[in-house]
Protein chains: 2
Amino acid sequence: MIEFRNKKRIEVCFSPALFEYQKNKEDIVVVVDILRATSSICAAFESGVDKIIPVGSGDLAKEYKEKGYIVASEKDGIKLDFADIGNSPSDFAPEIVKGKEIVYSTTNGTKTIMLASDCHAVVIGAFSNLSALIKWLMSQEREVMILCAGWKNRFNIEDTVFAGAVTDALLQDSNYYTVCDSAKASQSLWLQNRNSLYEYLQTTAQKQRLMKNGLDFCIEFCATIDTTKKNPFFRK
Amino acid sequence: MIEFRNKKRIEVCFSPALFEYQKNKEDIVVVVDILRATSSICAAFESGVDKIIPVGSGDLAKEYKEKGYIVASEKDGIKLDFADIGNSPSDFAPEIVKGKEIVYSTTNGTKTIMLASDCHAVVIGAFSNLSALIKWLMSQEREVMILCAGWKNRFNIEDTVFAGAVTDALLQDSNYYTVCDSAKASQSLWLQNRNSLYEYLQTTAQKQRLMKNGLDFCIEFCATIDTTKKNPFFRK
């Protein structure tokens, strides 16, 4: 069916396991994994990485490592022993990644990217590129799906509050609408917590997991808005 | 492993499709389908129904009808033609259900009940029995899983805000704790909207669906707290 549409739909999906019920291949999909994959990908782009190649498993990352690629890889928050770097945004510093191709595997983030890879476009979203992302989305004549990576298919707060930030910004533009309860609920959480984002991310289950491995220092960076103007796009 | 536990865990699951990632057979599962299955089951118990027999499909409900049972059945909000009554709480009036056995099939609610049927206990939750439910849960030495029926596996606001009400009440008792982001987010939505519950339920996608069939009048009942002191339990 061909349609001329007046307004663009916004939808939020809280888990990769729910994506099959909401997926629309014509959508732009914003993949979100605030703690830490999509924040790290933004950091890498800002540091001048040439390419990030997401792969869906540690095994696959290891194969790439054996072929000579630089590999960023973690499982359950811990850097895999064969990997060059882990999954903290600070791992993707210019001296390490500038001009390089990085193969990247994480517990939730890269798997989620792969799920959306047959959609019209896949773009990475994090607080790091919030304004740049919103500006770009508004320039596109496409419906928007914000896909939260969650944690092992579970809902998480950090991705949801980011989805709410994007939803809230787009709904201020009369070209957008939503009928999606997930979008509305995430907008509510954003409006409730936008002025204490860092503190809000401290309440998450993922904070506890990161802290066990001494990695929760990254939350400050991941809660900081607009550290880059670059939008990382997925290209096949 | 045998443990003596000091505190009881609270968890919230936003969709039947996520339950496999959170399910624990030792839990008490509170099944929630505010608009309308669990509100209707509470109404039926208050009306003096003898038994509610949930079945997972309209076809199965039809088989029971042919065996002589009274059948309440709907698909996508509309009463199936062979059914005696639909899925509005007002359908379960005393003159229709008192002392009777009702076979019950709905789009989301009964399927969700079946998913939890092998857990330690399954109890129905709605605003209708909120205080009775909380009192009973507190009397049990068991972890609590609040399982939202959602809509065709999608997240919905009405079940979530109810999950938040239960979470908030239990967390005021020092015997409970949560590390679950879904529980925390639903508690936030409850605290934000508890004083305008009826208006909040008017913002849901399900309100639009019900309105198309002239069935949204039930929202007033479904948003009313403590219309019954009875807790419907699932027994095998």
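Note that these values count all heavy atoms, side chains included, but never hydrogens, waters or copies made by symmetry. We name chains A, B, ... by the order of the sequence lines, and we start the count at 1 in each one. Please read these numbers as outputs of a predicted model, since none were measured by experiment.
Between A:F14 and B:F14, the ring planes lie tilted relative to each other; the angle falls in the 30° to 60° range.
A distance of 4.0 Å separates CG of A:L18 from CG of B:L18, quoted to the nearest 0.5 Å. To the nearest 0.5 angstrom, B:S186 atom OG is 8.0 Å from A:F155 atom CZ. Separating the CG atom in B:L189 from the CD atom in A:Q192 is a distance of 7.0 Å, to the nearest 0.5 Å.
Of the residues considered (A:N156, A:V12, A:N193), A:N156 shows the highest number of contacts with chain B, using heavy-atom pairs under 4.5 Å.
Side-chain contact between B:D181 and A:E158 is present, with heavy atoms from C-beta onward closer than 4.5 Å. Contact annotation: the side chain of A:V179 never approaches that of B:Q208 to less than 4.5 Å [non-hydrogen atoms, C-beta and beyond].
Surrounding NZ of A:K75 are at most 12 heavy atoms belonging to other residues, nucleotides or ligands under 6.0 Å away. Counted within 6.0 Å of NZ on B:K62, heavy atoms from surrounding residues, nucleotides or ligands total 12 or fewer; the atom is thus considered open. Heavy-atom contacts from other residues, nucleotides or ligands closer than 6.0 Å to CD of B:E199 number more than 12.
Within the 4.5 angstrom heavy-atom criterion, only side-chain atoms of A:S15, from C-beta onward, approach chain B. With a 4.5 Å cut-off on non-hydrogen atoms, A:Y21 touches chain B through its backbone and its side chain both.
Between A:K184 and B:I157 the shortest heavy-atom distance is CB-CD1, 3.8 Å.
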